[in-house]
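Note: hydrogens, waters and symmetry copies are ignored here, and every other heavy atom, side chains too, is used. No experiment lies behind these values; they were computed from the predicted model shown.
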Amino acid sequence: MRTTVGRAWGAVGLGLLAALLAGCGSTGPKLGGGKSLDAEAFEATNTHTRIYDATVGQTCEAARRALLSQGYMITAAAAEQVTGRKSFQPEGEVHVEVEFRVVCAREEGENGNPAAIAFATAVQDRYGLKKVNNSASVGVGAFGSLSLPFSSSNDAMVKVASETLSDERFYDRFYALLERYLDRTDPAVATPVTGGPASANR
């Protein structure tokens with residue numbers, strides 16, 4: 001009997017030891033929702049990049065036009081970078097904003113021809129409606145203030161989540177649109193864009 005009990009406790013002890021070792025082996029940094037940063041492998045991928053047979057100015061100008069054609073408000077534009085922002089209202093009390101940024105850099109083309117690489121990143125911010133109740137109070141002279149059972153509520157949008165979009169199909173659609181505008185871009189017109197949102201109205 002003692003032998004059977006001892007073996008049982010031995011098996012339990014081995015199980016606890018294995019669980020402890022497994023816990024010690026997963027001490028890496030965590031992302032939101034318990035996801036491990038090990039998923040950030042930094043592998044070669046074309047999700048966020050494309051190379052075009054064009055100059056840096058032409059590529060960023062085509063990106064600017066592509067964003068404008070989809071309703072993005074251009075918040076920043078320069079010779080090698082363009083940023084746009086667009087708002088969505090998927091639900092009554094939910095507000096979503098997407099900031100889309102494209103950085104263009106010079107790339108070595110074939111036979112010495114100009115080429116550019118475009119890096120695109122979109123960040124989605126999600127906001128929720130937060131209600132704050134305020135009770136009303138009325139001054140009554142020497143007696144100070146008297147709180148009344150009347151209240152008012154102030155509604156405010158509060159950021160509840162922020163995430164970098166990684167859907168390949170999302171970026172594929174953008175790059176396809178960028179390429180169409182790149183085919184229409186006149187090299188003489190594709191000059192660096194300087195200025196803020198006002199430049200988007202050109």
Residues that Arg85 engages under salt bridge (Lys or Arg N to Asp or Glu O under 4.0 Å), provided they are two or more places apart:
Glu97, Glu99
Could you measure the distance from the [atom1] atom of [X] to the [atom2] atom of [Y]? Nearest 0.5 Å is fine.
{"X": "Asp53", "Y": "Glu179", "atom1": "CG", "atom2": "CD", "value": "9.5 Å"}
{"X": "Phe174", "Y": "Leu165", "atom1": "CZ", "atom2": "CG", "value": "13.0 Å"}
{"X": "Gln124", "Y": "Ser162", "atom1": "CD", "atom2": "OG", "value": "8.5 Å"}
{"X": "Arg106", "Y": "Thr55", "atom1": "CZ", "atom2": "OG1", "value": "10.5 Å"}
{"X": "Glu108", "Y": "Ile51", "atom1": "CD", "atom2": "CD1", "value": "11.0 Å"}
{"X": "Arg65", "Y": "Ile74", "atom1": "CZ", "atom2": "CD1", "value": "12.0 Å"}

Does the plane of the ring in Tyr127 sit parallel, tilted or perpendicular to the ring in His95? Use 30° and 60° as the thresholds.
tilted
Heavy-atom pair with the smallest gap, counting every atom of [X] and [Y]:
{"X": "Val98", "Y": "Phe88", "value": "CG2-CE1, 3.7 Å"}
{"X": "Ala54", "Y": "Thr59", "value": "CB-OG1, 3.9 Å"}
{"X": "Val94", "Y": "Gln89", "value": "O-NE2, 3.0 Å"}

Kindly determine whether Leu129 and Met157 satisfy side chain to side chain contact (heavy atoms under 4.5 Å, CB included), including the steps that lead there.
CA-CA 5 Å; Leu129 187 64; Met157 301 300 295; 3.6 Å; yes
Going through the checks in order, is the side chain to side chain contact (heavy atoms under 4.5 Å, CB included) test met by Arg50 and Asp172?
CA-CA 10 Å; Arg50 290 291 191 282; Asp172 285 344; 2.4 Å; yes
Residue pairs involving residues 51-103 (criterion disulfide bond (SG atoms under 2.5 Å apart); sequence neighbours excluded):
Cys60-Cys104
Same apolar cluster (I L V M F W Y, side chains within < 4.5 Å links), Tyr175/Val56
no
Transitively linked via ILVMFWY side-chain contacts under 4.5 Å: Val103 with Leu67?
no
Which pairs of donor and acceptor atoms, one on a side chain in residues 109-118, lie under 3.5 Å apart (sequence neighbours left out)?
from: Asn113; atom 1: ND2; to: Glu110; atom 2: O; distance (Å): 3.1

Residue of the set Phe119, Tyr171, Phe170, Phe100 for which ring-ring contact (aromatic ring centres under 6.0 Å, His included) holds with His48
Tyr171
Got Leu177 and Arg173 here, is their nearest side-chain heavy-atom distance under 4.5 Å?
no
